[in-house]
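Shown next, in structure tokens, is the structure this report addresses.
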Amino acid sequence: MYLIQILLPRYDNRGRRLSKRLFDETARALATSHGGVTVYSRSPALGLWNSRRSGLKQDEIIVYEVLASRFKRNLWKQRRDKWEAAFRQDSILIRISSCEQL
């Protein structure tokens, strides 16, 4: 089994807040395709990174988690590309961990 975490920013690359509708649509799509989704949105996490072009950057992120019995790399690459466009990002991080349900 795989735990898949998608880290989505609350603001686009220009600092504009992204619409709640975009986050709701993403949650519904993940819940439909995976039978459920967990969204950590109460206290958005703070992400910091060093940009070669503009130095230290930060963003608030919301984490979405789904479980999958198989990991389909091409499907997740397609989803990442779609989310990067929709969330107006250069890159969106998706983490995949192998896990065992007890």
Side-chain angles (χ1 to χ4, degrees):
M1 181 165 291
Y2 296 93
L3 173 66
I4 302 165
Q5 297 175 312
I6 305 103
L7 284 66
L8 296 175
R10 292 188 61 190
Y11 299 88
D12 72 9
N13 281 341
R14 293 185 173 184
R16 296 176 296 196
R17 189 176 183 100
L18 295 161
S19 75
K20 182 178 181 323
R21 178 186 52 78
L22 184 58
F23 292 96
D24 291 345
E25 289 172 356
T26 301
R28 277 193 300 276
L30 288 167
T32 300
S33 62
H34 293 281
V37 63
T38 300
V39 181
Y40 297 93
S41 62
R42 279 249 190 226
S43 299
L46 178 64
L48 295 172
W49 69 97
N50 194 15
S51 170
R52 290 183 185 154
R53 288 184 269 159
S54 56
L56 192 62
K57 306 276 275 184
Q58 74 176 39
D59 201 353
E60 293 178 359
I61 59 172
I62 297 174
V63 179
Y64 288 64
E65 288 185 347
V66 295
L67 291 172
S69 58
R70 294 183 318 204
F71 176 68
K72 299 177 182 177
R73 184 173 297 278
N74 287 335
L75 170 68
W76 285 99
K77 283 183 178 182
Q78 291 171 357
R79 287 178 173 176
R80 184 194 62 210
D81 291 345
K82 177 184 169 187
W83 289 326
E84 286 172 348
F87 285 83
R88 300 185 299 271
Q89 297 294 307
D90 295 332
S91 179
I92 289 203
L93 179 62
I94 300 174
R95 299 188 293 208
I96 298 95
S97 302
S98 181
C99 67
E100 179 180 344
Q101 187 175 6
L102 299 177

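In this text, all values refer to a predicted model and were calculated from it rather than measured experimentally.
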Original post:
Does NZ or CZ of Arg79 fall inside the cone over Trp76's six-membered ring, less than 6.0 Å from its centre and within 45° of the axis?
Top reply: yes
Original post:
In Å, rounded to the nearest 0.5 Å, how long is the span from CD of Glu84 to CD1 of Ile92?
Top reply: 6.0 Å
Original post:
What's the spacing between Trp83 CH2 and Ile6 CD1 if we round to 0.5 Å?
Top reply: 4.5 Å
Original post:
Do Leu3 and Leu67 come within less than 4.5 Å of each other through their side chains, counting heavy atoms only?
Top reply: yes
Original post:
For the atom pair CG (Leu8) and OG (Ser41), what is the distance rounded to the nearest 0.5 Å?
Top reply: 11.5 Å
**OP:** Check the pair Leu30, Ile4 against side chain to side chain contact (heavy atoms under 4.5 Å, CB included), reporting the backbone distance first and the verdict last.
**Re:** CA-CA 11 Å; Leu30 288 167; Ile4 302 165; over 6 Å; no
**OP:** Would you please test Arg88 and Leu18 for side chain to side chain contact (heavy atoms under 4.5 Å, CB included) and show each step?
**Re:** CA-CA 9 Å; Arg88 300 185 299 271; Leu18 295 161; 3.4 Å; yes
Original post:
How long is the gap from SG on Cys99 to OH on Tyr2, to the nearest 0.5 Å?
Top reply: 9.5 Å
Subject >> Rounded distance [0.5 Å steps], CG in Asp59 versus CZ in Phe87 >> reply: 11.0 Å
**OP:** Evaluate the criterion side chain to side chain contact (heavy atoms under 4.5 Å, CB included) for residue pair Gln89 and Asn13; output intermediate values, then yes/no.
**Re:** CA-CA 6 Å; Gln89 297 294 307; Asn13 281 341; 3.2 Å; yes
Original post:
Do Ile62 and Leu22 share a hydrophobic cluster, counting only Ile, Leu, Val, Met, Phe, Trp and Tyr and linking them when any side-chain heavy atoms are less than 4.5 Å apart?
Top reply: yes
**OP:** Evaluate the side-chain proximity of Val39 to Phe23: yes if any heavy-atom separation is below 4.5 Å, no if none is.
**Re:** no
Subject >> Ile61 backbone acceptor or donor facing Tyr40 side chain under 3.5 Å >> reply: no
Original post:
More than 12 non-hydrogen atoms from neighbouring residues, nucleotides or ligands closer than 6.0 Å to CZ on Arg73, yes or no?
Top reply: no
Original post:
In terms of hydrophobic clusters joined by side-chain contacts under 4.5 Å, are Leu7 and Phe71 together?
Top reply: no
